[in-house]
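Only heavy atoms go into these numbers, but all of them, side chains included; no hydrogens, no water, no symmetry mates. Throughout, protein chains are lettered first and strands after them, A, B, ... in sequence-line order, and every chain is numbered starting at 1. Just so you know, these numbers come straight off a predicted model, no measurement behind them.
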Amino acid sequence: MAPPGRYCVPGERLCSAEEATAGSGTYTRHGFIFSSLAGCLEKRSEDSGLPVVSVVRDAESQLLPDVGAVVTCKVCSINSRFAKVHILYVGSTPLKSTFRGTIRREDIRATEKDKVEVYKSFRPGDIVLAKVISLGDAQSNYLLSTAENELGVVVARSEAGVQMVPISWCEMQCPRTHTKDLRKVARVQPQFLQT
Amino acid sequence: MASVVLSEAEKLYIVHGVQEDLRIDGRGCEDYRCAEVETDVVSNTSGSARVKLGHTDILVGVKAEMGTPKLEKPDEGYLEFFVDCSANATPEFEGRGGEELGTEIANTLYRVFSSESSIDLKSICINPREHCWVLYVDVLLLECGGNLFDAISIAVKAALFNTRIPKVRVLEDEEGSKEIELSDDPYDCIRLNVDDVPCIVTLSKIGYRHVVDATLQEEACSLASLLISVTSKGAITSMKKMGKGSLDPESIFEMMETGKRVGKSLHIALQKILDEEESLGTSRQKVGFLG
Amino acid sequence: MATAFKTVEPLEYYRRFLKENCRPDGRELGEFRATTVNIGKCLLGIIMGLESSLAEPDLGVLVDTKLNMSQQRTLVAKKANVILGCIRQSIASRLREVILPLCSALARPRLEYCVQLWGPQYERDMDILERVQQRAMNMMQGLEHLSYEERLQELGLLGLEKRSLRGHLINVYKYLEGGCEEDRARLYLVVPSSITTADGSALVKLGNTTVICGVKAELAAPAADSANKGYIVPNVELPSLCSTRFRSGPPGEEAQAASQFIADVIENSQIIAKEDLCIANGKLAWVLYCDIICLDYDGNILDASAFALLAALKNVQLPSVTINEETGLSEVNLKQKNPLIIRKHPVATSFAIFDDTLLIVDPTAEEEDLATGTVTIVTDDEGRLCSVHKPGGSPLTGAKLQDCITRAITRHKEVKKLIDKVIKSIKPK
Amino acid sequence: MAAPELLSDEGYRADGRRPAELRKVRARMGVFAQADGSAYIEQGNTKALAVVYGPHEVSGAGHRARGLRSPPSPSAPLRAPPLPLGASAPPRGLRSPPSPSAPLRAPPLPLGASAPPRAPPLPPGPLRSPSGPPLPPEPLRSLHPPGLSPFVPGTPRPPPATGAAEVRSLPGGRGPSPVPVPAPPRVCTSPPPGSVPAPVCTGPRPQMRGSRSKALPDRALVNCQYSMATFSTGERRRRPHGDRQAGELALQLKQTFEAAILTRLYPRSQIDIYVQVLQADGGNYCACVNAATLAVMDAGIPMRDYVCASSAGLAEDTPLADLSSPEEAAGGPRLVLALLPASGQIALLQLSARLHQERLEAALEAAGEACRALHAVLDRVVRERLREVAALLGD
Amino acid sequence: MPLDHRRVRGPEESQPPEVWAAAGGAGEVPEEEDAAPRDPCALRPLFARAGLLSQAEGSAYVELGGGTKVLCAAWGPREAAEPGAAAAAAGGGRLLCEFRRAPFAGRGARLRPGSAAEREAEREAAAALREALEPAVRLARYPRARLAVSALLLQDGGSALAAAISAAALALADAGVEMYDLAVGCALCRPPGPAAAWMLQPGEAEERRAAARLTVALLPALNQVSAVLGGGQGSPPDAWAQALRLGLDGCHRLYPVLRQSLLRAARRRDAAAATTA
């Protein structure tokens, strides 16, 4: 959104569905694309044919954790079967209000699911990157998974209350006491390991 | 509110039927279901009526009690509406469950009766800014099979028609203190003129058409409906759009026309029954719930 | 904002600022927020949006000149760095998904808060801040190869220039009026008010905190035990509209506490002598219903409420009532109205206590949440205490309290001045 | 003690009854189509309705899915398009809901026609109001199992195997009470696979009706509500239910029927019994109990026996059965008895006012007699009902 | 009233001075009660402003010439409070509406907050608000979530509900909630008398005396009517139809104002982007 382009309000007709494809913040009706947000009109022309028309707002667009989205969340409680978390960000957007999510034991990592122990993977207070796998049903709430290399704990504190440094995909170390703690660590580039 | 769950296929089935002017129970879009009306079913009320419209079953009791007129209208009595969505209709209504719907219906009734022409309230005033009759119109919802509002309005009108308010005389003794005397003769009593009491006609938008007297299943298929109260003369006294959908202006105009048409015939049919029952008088064999 | 904090220890994060003697929103510890009072008649909307109020003829703006801009600038930059520091230390991974949220959540707001304080003309200042933002971005992996602009694109962040428009307006005020004021409450707006269905009303804006007070006068028989007194019935409402922290429905604890506080202030300060409200002894008296509704809750509701109440009472116009001798009935002449007699001008000043030692005036909602305690002091014209309200929290030494009181008294002067100015400004009409 | 005028010198009561005589009892089962079971009873001027839902899952969630149940025939709509229905529509059109065959689409509303209300479904019998023509052939497409069995609880003779099996096997005998109106092709009301979620019901959150936690591991939970229509009493009531008295009576009802229903057959499930007094003229609670008994049977829920309730009082020494409201108002001792007639067990006995213990015998005896008499009446109602249903399902 | 203990107690009952004035003979004449029949099609000046509250995610303020002042706040998707509700909302989000009247909003007697009558009135208005807004919001985009709108009527100068609808729609849009369209509300009333014509946006006094009232809400871009709520003196359908047309036309004329305010808000937000990110 380099130059502050045209602004539009919900219900504003943008163009006909032939000349563009509807992007985010828009909807299609009777062959026309309408805006569904109050924001700035954006036309990004894809190399593959039709340009994408979308209406964008700055950071504070109202989005929800959606299936497949990568979310940043904070572990608030664990037990032997699952960890309960608060979802704080979807992608890079902070949520207005936290949503409760659950990481089940079998969703913690991809391999050897049966050997996974929740308390060896997360501790309350950890900041975790996870992926939404389901919206859940009447009983449960959002189901999350960390069964990927890039997903898992990114911030954790040791008993001493200091930031721990990841030393392997399943361990973090306290720089002060040098005690090691087990975590399901998200993969991080080596050049950041010493900080 | 009580609701049924329909699969997409079933909805489609209903919608297509409606397009063909054929509804699941074989009616056309402007047909009402068979309605049964019986008045004077509860003996210890001033007036009562029971209306059965398909599976919708309504019992209305009117009780006249002495009260003081409202400040702004010192020379008029007034009506009080109360709707009890009893657990009979559906377990969802148990306890306080039915209250939300109940108040909604009651509010609608207030709006329908808001125009002073609907009932002559002056006639039920005993003496200005001191005594008047308060008509408690209590609606009891026994079973709901869709189209509550219409059924209730019919029942209310029937009950009001059936209402008999004992005549009272105001005796004033020398030191100006008033005394009210109820006439003991049960037959000399005030009757209400219900000619201008409107009936509600609910038109539910299904697909591109609208139907009257929708069943629960049809209500599940309709996103928006227009609620119109029509007098016997075909005048509209109130309108309300209901439901989570929206309507395009043209269809609203059509609906109003349909509503007027249907409403008028509704009134005629209803009046016919009421007069019939009236003519039978006491000889009439009461059936009530035993029928 | 509160959620944004979750990633960094809030208090921890806050202390960093306090060490620097500055607050995340760019104020110093002893600094009040912009205060606005609104009495009289014109669009309420104006008060809520600054730009339109420029059009307002009777607009008094007083800008503090002490706080010079350069100093402010460095402050800002310092703050931003503090935050980035926080982030750097608190995060192991430099994953973009992690940094970006934190930066956008923590750093940017801080930067932008003070944008309005310098016009875009100061190229140099912009550089300072742009640099800060660059630093933030360098912390993110995978973007090293991009130029600054490209990264902005990439991250969907905005260059700062675009955001400083609002800065203009404030500058305009600055030029409009060079008037100087003792304290650091930067901006006083004085715009007339709104509610014609009430007998008197006022809207007070303290930073973001917005409170409206409407006074309705009715007639009733005095209470048996106090036959020569009228009633003043305060009622503070915190509707769900003003903040997510309140549910709809009957007043919650905070609302009840606030109502009680206001009631005490009225009682203790004798802002109005209840005897003045009595019309016919034992027969008829005025009831003043003072309904105070918070429209926007950003902390320090007590100060705002007390202020709003005072301002509203100031412009109450009561119709004259006469008791007809022969009939004994009272007759109200709505044409002829006369104002209330305001005996005292109580002004509330609230402080937030940090770590039992640091005192912060006029706390925001955030600050109130983090503070270890709060204290509210109400003084009247003669600098006498009307009420000291300290709901628990961390203890306070006598000396500190004394300090608070002296500050409260100085604050009172300014507020009084403001009120008089307001009243004067609407007198001609 | 009891006021003397309760009995005239000739030994008649105020309303002309003999001391032991009951008021006229008229009852009907299957008043409503949508409820699982329903019944209506008149005892003199006391009129009461009872409706039974269940047995169903305890948490309300499952309930909402059910929504308002009309008799389930999941595939009906798709199998039976409107037109064929015409064929099955009864010849006597006017009193049936309009259906294509019926020539009655012309007037938008066959109201007038329906004026003398529908005839009772019962074949000739003492309990039926004479008016109205007999009912039309029931085009009830019996896709659903017959919910009602000829089995009558508490009867010594062994029930027909089929019926008895029926009742036991299908939980709660979900069969609808067949209504005499030709059933329109029902649109399925139990969510079929891939059905859309229920429309957001603005009604109560289902939670408010008992959560799973209330489920009993070994038997069904009986849940009762007792309410009196606001117009049922001489003085208008402000609230139909929710007052202390109603709550108390609901509790008593619950206890009474927990004793009578074979709740063990339906562990972890719930049975709702809602009674509604339409007109109050003494012995309201008794009428409700009797109505509820019929309703429970109508729902096909197995019971040990009927529950018959009646009140009794004393005028001096003569016991009076089935008190009317003036007699109740007259004060004096009064007891309410709920009896399982076959076994003679007492489900509930409540005595108000104090009474010497040997005079209790008499009153109790009178009440017991009344209950047994009632039992006879109710039994007749049930049997006729069953015969008629059997006939409907038979052809 | 039940909530007394939660609020500072006043006298049991009290009368507004107007009552006594009437007794004194001098009948009060509200200034806007202009005898001159104004042009029925004239709209009152409308001032709308979006995005003015700091705490709410979206907010809007609408003021009518008549003196009606409505403030609205909206909150984007939140986790549906109770699981049962979540199940119900699985298909789409739920829209929770609240409508409150400031105690000093009405002319004459003070509306006692928390009194049964007051709660009743507010609940009904809230329901009307919800029905008017639901068609405009893309609830399907917010599964298992709830959106909240709460309107506060600061002063009732007539056409309050209509103003509230417009304001609420603005607030939702300002909060970044995905919508099919804005909803524009407009009120009409027909003064007593046989040949009286419907007039747009009645003032409070006109509304009080009116023989019939009507409030309509329009989704202007889609030209769909999202709310029709009215009643009073009976009149033939075409009369109502004509009133409806007038009202819808009024909505169309109000739309640009609201749209502008929303655009301004959007620009402002981008100009000083994300002060509340």
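- Within the 3.5 Å criterion, the main-chain N or O of E:P16 finds no donor-acceptor partner in the side chain of C:K216.
- Looking at E:P11 and C:V233, their side chains come closer than 4.5 Å, going by heavy atoms from C-beta outward.
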Worksheet item: Which is it for C:Y231 and E:R9 under the side chain to side chain donor-acceptor pair (under 3.5 Å) test, yes or no, and what are the steps along the way?
Response: CA-CA 10 Å; C:Y231 306 81; E:R9 260 173 214 281; over 6 Å; no
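- With E:Q15 contributing its side chain and C:E218 its backbone, the two residues share no donor-acceptor pair below 3.5 Å.
- Within the 4.5 Å cutoff, the side chain of C:L295 has heavy atoms near those of the E:L71 side chain.
- The shortest distance between side-chain heavy atoms of C:D291 and E:R110 falls below 4.5 Å.
- Here the side chain of C:D296 pairs a donor or acceptor atom with the backbone of E:S54 at under 3.5 angstrom.
- Shortest non-hydrogen contact noted between E:F104 and C:C213 is CE2-C, 4.5 Å.
- A 6.0 Å sphere centred on NZ of C:K337 holds more than 12 heavy atoms belonging to other residues, nucleotides or ligands.
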Fill in: Step-by-step side chain to side chain donor-acceptor pair (under 3.5 Å) determination, C:S243 to E:Q55
CA-CA 6 Å; C:S243 160; E:Q55 299 300 305; 4.6 Å; no
Discussion item. With side-chain contact (heavy atoms from CB on, under 4.5 Å) as the criterion, how do C:I212 and E:L154 come out once you've worked through the C-alpha distance, each side chain's angles and the decisive distance to 0.1 Å?
Written reply: CA-CA 9 Å; C:I212 189 165; E:L154 290 167; 4.1 Å; yes
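- The closest donor-acceptor contact from the side chain of E:S150 to the backbone of C:S240 lies at 3.5 Å or more, if one exists at all.
- Heavy atoms closer than 4.5 Å to chain E are found in both the backbone and the side chain of C:D298.
- Counting heavy-atom neighbours within 6.0 Å of C:R245 CZ, excluding the residue itself, gives a total above 12.
- In this structure, the portion of E:E98 lying under 4.5 Å from any heavy atom of chain C is its side chain and not its backbone.
- Ranked by heavy-atom pairs under 4.5 Å with chain E, the list C:G214, C:A217, C:A220 is led by C:G214.
- Put simply, the side chain of E:S14 does not reach to within 4.5 Å of the side chain of C:L219, judged on heavy atoms.
- Neither the backbone nor the side chain of E:E122 comes within less than 4.5 Å of any heavy atom of chain C.
- For C:P319, the part lying under 4.5 angstrom from a heavy atom of chain E is the side chain only.
- Of the atoms belonging to E:A74, not a single heavy atom falls under 4.5 Å from chain C.
- For a residue to count as touching a neighbouring chain, one of its non-hydrogen atoms must lie under 4.5 Å from one of that chain's; by this rule C:A223 does not touch chain E.
- Looking at C:I293, the atoms closer than 4.5 Å to chain E (heavy atoms on both sides) all sit in the side chain, from C-beta outward.
- Residues C:T244 and E:W75 approach most closely at CG2-NE1, 3.0 Å, considering heavy atoms.
- Using a 4.0 Å cut-off between a side-chain N of Lys or Arg and a carboxylate O of Asp or Glu, E:R7 and C:E237 qualify as a salt bridge.
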